[in-house]
Amino acid sequence: MLSLDNTFNENEVLEWDDRLERVLGLSEFNYVVEPKIDGVSLSVVYENGRLVRGVTRGDGDNGENITANVRTIRSVPLKLQPPYPKFLDVRGEVFMDKKDFARHNAAAEKRGDETFANPRNAAAGSLRQKDPAVTADRPLRFIAHSFGVSEGQTWANHYDF
């Protein structure tokens, strides 16, 4: 899994579009624009519609298997609704939204526990817990943005996925 790049202004988006045209040899594209969530990259693997593995991006080639903790995130389905591919690797971000982060830190401070510096660190630290019950107690969310591999199903475009 690779890291997503950022753009900060219209000119950077237009330069990126120009690069795509040159590399792909095409002059027209349809785009789907989604907000970039600053969380922790996650690959969620399904076989025959059932979640079998959750892996961090790690160094891009080798990630950390955090399946037990991923199973506690309510927005990650444990089972897909049919029709589903035989094998599907869903890519996305695990995050803690700002309101949940503030509530979590306030409760931790009240208990005398250590607080997190920011929502991204809170999400990362929550995923690396040895006890899945600790992860389950954290207000984590998952948003899918793409897929890595799909065996047995294709989509006409990103929007359909």
Side-chain angles (χ1 to χ4, degrees), residues 1-8 12-13 16 20 30-108 113-161:
M1 274 192 305
L2 301 175
S3 180
L4 297 175
D5 288 334
N6 294 322
T7 58
F8 297 99
E12 289 178 351
V13 173
W16 172 76
L20 276 181
N30 292 314
Y31 293 106
V32 175
V33 179
E34 301 170 341
K36 182 179 184 311
I37 302 295
D38 187 23
V40 179
S41 295
L42 180 67
S43 169
V44 183
V45 178
Y46 294 90
E47 292 179 5
N48 298 313
R50 296 193 182 278
L51 186 142
V52 295
R53 197 165 37 262
V55 183
T56 65
R57 181 167 60 92
D59 63 7
D61 289 322
N62 298 300
E64 183 178 355
N65 186 332
I66 55 168
T67 305
N69 290 342
V70 169
R71 289 180 178 281
T72 71
I73 302 171
R74 291 175 193 85
S75 52
V76 175
L78 301 178
K79 183 178 177 189
L80 300 177
Q81 297 295 315
Y84 46 76
K86 181 178 176 181
F87 181 90
L88 178 62
D89 172 14
V90 177
R91 305 288 174 86
E93 296 284 315
V94 174
F95 67 100
M96 195 179 288
D97 78 18
K98 290 179 182 179
K99 288 179 185 174
D100 288 340
F101 170 73
R103 278 193 289 270
H104 178 78
N105 264 357
D113 294 342
E114 190 175 338
T115 59
F116 290 105
N118 58 60
R120 188 181 185 291
N121 286 359
S126 297
L127 288 174
R128 301 194 82 192
Q129 294 296 310
K130 295 193 186 303
D131 181 358
V134 174
T135 303
D137 192 45
R138 308 269 171 89
L140 298 176
R141 299 171 188 231
F142 175 75
I143 185 167
H145 58 62
S146 59
F147 67 94
V149 176
S150 173
E151 182 182 309
Q153 184 169 348
T154 59
W155 294 272
N157 54 50
H158 180 74
Y159 185 81
D160 287 347
F161 164 74

Test log, rule side chain to side chain contact (heavy atoms under 4.5 Å, CB included), inputs Thr72 and Asp137
CA-CA 9 Å; Thr72 71; Asp137 192 45; over 6 Å; no
Would you say the ring centroid of Tyr46 lies under 6.0 angstrom from that of Tyr84?
no
Quick one: does Glu93's side chain have a donor or acceptor within less than 3.5 Å of a partner on Val40's backbone?
yes
Going from NE2 on His145 to CD on Glu34, what distance comes out if it is rounded to the nearest 0.5 angstrom?
8.5 Å
Can you check whether Leu140's main-chain N or O pairs, donor with acceptor, with Asp100's side chain at less than 3.5 Å?
no
Would you call Asn30 and Tyr159 a side-chain contact if the rule is heavy atoms closer than 4.5 Å?
no
Which atom pair, heavy atoms only, marks the closest approach of Ala123 to Val94?
CB-O, 3.8 Å
Quick one: are Arg141 and Ile73 in side-chain contact, heavy atoms under 4.5 Å?
no
If you define the side chain from C-beta out and look only at heavy atoms, does anything of Arg103 sit under 4.5 Å from Pro139?
no
What is the distance from atom CE of Met96 to atom CG of Asn121, rounded to the nearest 0.5 Å?
10.5 Å
Heavy atoms only: give me the nearest Phe95-Gly39 pair and the separation to one decimal.
CB-CA, 4.2 Å
Closer than 3.5 angstrom, by distance alone: can the side chain of Asp89 be matched with the main-chain N or O of Ser43 as a donor-acceptor pair?
no
Does Ser150 reach the side chain of Trp155, with side-chain heavy atoms less than 4.5 Å apart?
yes
If you count heavy atoms of other groups shown closer than 6.0 angstrom to OH of Tyr31, is the number above 12?
yes
Nearest heavy atoms of Pro85 and Glu151, plus distance in Å:
CB-O, 3.3 Å
With distance as the sole test, does Ser75 use its side chain to make a donor-acceptor pair with the main-chain N or O of Phe142 at under 3.5 Å?
yes
OG/Ser146 to NE2/His158 distance, rounded to the nearest 0.5 angstrom?
6.5 Å
Quick one: which residue pairs count as a salt bridge (charged side-chain N to carboxylate O under 4.0 Å, His left out) with a foot in residues 71-80, not counting sequence neighbours?
none
Arg138 side chain reached by Phe116 side chain, heavy atoms, under 4.5 Å
yes
Heavy-atom distance under 4.5 Å between the side chains of Ile66 and Leu42, does that happen here?
yes
